[in-house]
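Worksheet for the structure shown next.
Naming convention: chains lettered A, B, ... in sequence-line order (proteins, then strands); numbering from 1 in each chain. In this text the structure is predicted, and so the values were computed from the model without any measurement.
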Amino acid sequence: MLEVNGLTKNYGKLVAVDGVSFRADSGATIGLLGPNGAGKTTTVSIIAGLLSPDSGEVLIEGRQVKSDTDPVKLKIGLVPQDMALYDQLSARDNLTFFAALYSLSGAKATQAIDGALQLVELSDRAADKVATFSGGMKRRLNLAAALLHDPQILLLDEPTVGVDPQSRNAIFDNLEALKKRGKTLVYTTHYMEEAERLCDRIVIIDHGKVIADDTLQGLHKLLPVANVLAIELDRVSGFDPRPMLSLPEVKSAGLVAGTLRVGVHDLVGAAPGVLRWLSDNGHSYHHVSSEQPDLETVFLTLTGRSLRDA
Amino acid sequence: MVPFLALVRKDLKLFFSDRRSVVVGILVPIVLASFFGYLFGGQRGDAETSKVSVLMIDQDGSDISHDLMAQLAGDRMLNVKPSTLDAAREAVRKGKATAAIVVPKDFGRNAGRALFTDANKPDLSLLYDPSHSMELGLVKGILSGAVMQSVSKEMFNGSSGREMLDESLARVENSPELSPEDRKALRDVLSGARELNERRAGTGQGALSGGLTIPFQTRDEAITSGGNVAYNGYAHSFGGMGIQFILFMGLDVGITLLMLRRTGLWQRLRAAPLSRTTLLGSRTVSASLTAGFILAVLFTFARLVFGVRILGSFPGFVLVCAAFSLMTAAFGLMIAALGETVEATRGYSVMATLVLVMLGGSWVPTFVFPKWLQKLTVVVPTRWAMDGLDAMTWRGLGFSAALAPIAVLLLFTLLFGAIAVMRFRWRTDG
């Protein structure tokens, strides 16, 4: 369905995308996971035809987009990271306009607009100006605008940025409904929970390069750890977790959202040594728990940095 | 065609959705055009013309200086008040008076003598405000006529006139430079004047009471579209202000497009299967329609309130408006194409717009410019728009007079449009 082969994009000396390749089969949901500035948005922009790569190619059903009006573009729907709506117009007027961009008019357009509004549960607000919508509602309408021409591939560039948990769940529900309809989703995010919940396959990008591309289970297999010790330190500032890697039981160590996360194979065997090391080095703590490793741990293991802190 | 029309419709919808902006965008040019129209002859002669303020310092105190004061005070173009030299100098310096006329001691006597002979002409000092140098010519002209009339009247009527005639006769008789023939001729003239003066004085009649006056009067006729059609200054000012504000609207189109390129909306538009012609063309059409709408509202208002009429060719007027609207839209796109950042572009494009407006004659007619500048304005599109609108409104010229402005404006449209298409950065990475 979608093939991305060896994409490269430079901005002067900055390499934004460095040989990125992946494929998304029909009906699959691919997560592009990486910290801010990793090259996710640039990759999506190249796929959508907004940017031209310095090298590499994007194939949609085996064909490249050759011009601005290439019909292949009809197979793609883009949900930009920035809100792409006219605040002064009503939700329906916005969708009518975006439908017309794909030459939809009359009954076909009405049907598409009603369907999209229904999917994102905004039918009752169709006549209201977008300016009166909450951030979450705007995000849902932003999604609806990309669905009007019934694209087979949906490019979603951080579609939940800046929304509350309730709206985020609503968007996830929408996306899961689209998955059930057999749409191919390419989803960029730096939230590992989103990737874990939605994606069949996860492509981890850092500094413009693909550093892992596998299913969630496959990525877990990459981990040298079976468990994670989550330790809440009394004082985080100035704490450097890297020396902990000298402990034989410790496979990874890093601070994630103020919590020290230490990857180990044998939880029971390793925990006393880790806690002793903290005490010996003057670091007190007030809570210790164990977790199964997640994507955060994968990223930490692969890059030595946290997704959020990268 | 569906996407093209949708893009145009969307732009118009967005323009009209901001009602406050629409009202302000139309109200401001109306207010300014009304004001400028009033200043530049819009009052059609039925309102009081602002008079030139003149102070008069009479150091002579003669009959001639008194009569001069009375004559100047009676002129409808001047507002004359007596003053002292120091006070007048101060008033002119502060800009409270445009000019001050100093009538020196013995002016009347010396002027009378100088009327018929080559006796030394007395000085008449004129103090003036250099920022009003154009009015100085007016004051000098009126003053010349008034002095001539006052002096000659006194010569033929007054007692001092008889004395001056006697003195002049004596000087003629004693002048060694005159030939016998010239002496005789002058003696006849002066004797005749004295005889007339004495005879009229004896009968109590005021002979030649008006004195010598300028032997003609002008009959002014404004050449407009027809004999019964008066010049309406509002026609020019509404055209000028319309052009100015529509240019600013064009500038806004460019800035908005620059800002759009930073947003998700631009990404969505570029992701759709739309050609560049559709994207830029629709923008041109919507901006042109908006410009046409603003011009239509302005001239409708001018017609209803100030009686501005399209006295020339109506199709010519419509086509000049349409060509100017297209040129403005292309100008906006060129700004968007050449602009690097919104902030920098706004700065230099506002300056460029103001220069175009100024050189185009939207504020003041181009005939007040120096000759070299008038020639230079031929390369300014707004000059052609202004000329075209003037020709089709108050000048009342036919369709043929609109052809050159329309052609030039369309050429500028093509030029600006070509630059816009060539330089427009389609990719979001620039």
Side-chain angles (χ1 to χ4, degrees), chain A residues 9-12 16 41-42 44-54 65 67-90 93-94 96-106 108-109 129 131 138 142 145-146 148-149 151 155 157 159, chain B residues 1-25 252-253 256-283 285-286 290 340 342 420-422 424-430:
Chain A
K9 182 73 185 173
N10 301 310
Y11 293 105
T41 297
T42 307
V44 165
S45 296
I46 293 171
I47 297 170
L50 308 179
L51 291 176
S52 46
D54 294 333
V65 177
S67 70
D68 291 330
T69 54
D70 196 320
V72 175
K73 286 174 102 177
L74 291 169
K75 296 187 181 299
I76 297 175
L78 173 67
V79 181
Q81 185 174 343
D82 294 329
M83 214 72 80
L85 301 165
Y86 292 101
D87 275 358
Q88 306 95 309
L89 303 182
S90 70
D93 282 348
N94 264 285
T96 304
F97 168 65
F98 292 123
L101 296 184
Y102 291 87
S103 298
L104 291 174
S105 60
K108 273 188 179 175
K129 279 190 178 179
K138 284 182 183 176
N142 203 34
L148 298 164
H149 59 292
L155 304 173
D157 191 7
Chain B
M1 203 59 188
V2 172
F4 188 92
L5 293 177
L7 284 159
V8 173
R9 202 180 308 121
K10 178 265 300 173
D11 285 343
L12 295 178
K13 226 172 200 173
L14 288 175
F15 174 74
F16 286 108
S17 69
D18 189 353
R19 286 184 191 155
R20 191 179 297 172
S21 166
V22 174
V23 169
V24 169
D252 204 41
V253 166
T256 308
L257 204 51
L258 268 179
M259 289 167 73
L260 180 69
R261 292 182 70 252
R262 294 175 173 180
T263 67
L265 279 165
W266 182 248
Q267 293 174 22
R268 182 158 275 161
L269 289 172
R270 294 291 295 128
L274 300 174
S275 69
R276 298 170 186 202
T277 314
T278 301
L279 278 173
L280 287 189
S282 63
R283 200 79 181 167
V285 170
S286 60
T290 309
E340 293 290 331
V342 171
V421 171
M422 282 190 294
F424 200 85
R425 286 169 300 140
W426 290 94
R427 302 290 179 181
T428 48
D429 58 341

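With a 4.5 Å cut-off on non-hydrogen atoms, B:Arg262 touches chain A through its backbone but not through its side chain. Contacts of A:Leu155 with chain B are absent, with no heavy-atom separation under 4.5 Å from either backbone or side chain. In this structure, chain B has no heavy atom under 4.5 Å from any part of A:Ile76. B:Leu7 touches chain A through backbone and side chain together, each having a heavy atom under 4.5 Å away.
More than 12 heavy-atom neighbours from other residues, nucleotides or ligands sit within 6.0 angstrom of NZ on B:Lys10.
The candidate with the highest count of non-hydrogen atom pairs below 4.5 Å against chain A, out of B:Leu5, B:Leu14, B:Thr263, B:Asp18, is B:Leu14. Comparing A:Asp70, A:Leu74, A:Leu85 by how many heavy-atom pairs each has under 4.5 Å with chain B, the most go to A:Leu85.
Using a 30° and 60° split on the angle between ring planes, A:His149 and A:Tyr102 fall in the parallel class, below 30°.
Looking only at side-chain heavy atoms (C-beta outward), A:Asn142 and B:Arg268 come within less than 4.5 Å of each other.
Listed here is the closest heavy atom pair of B:Thr256 and B:Arg283: CG2-NH2, 3.5 Å. When all heavy atoms of A:Ala99 and A:Ala109 are compared, the pair lying nearest together is CB-CB, 4.4 Å.
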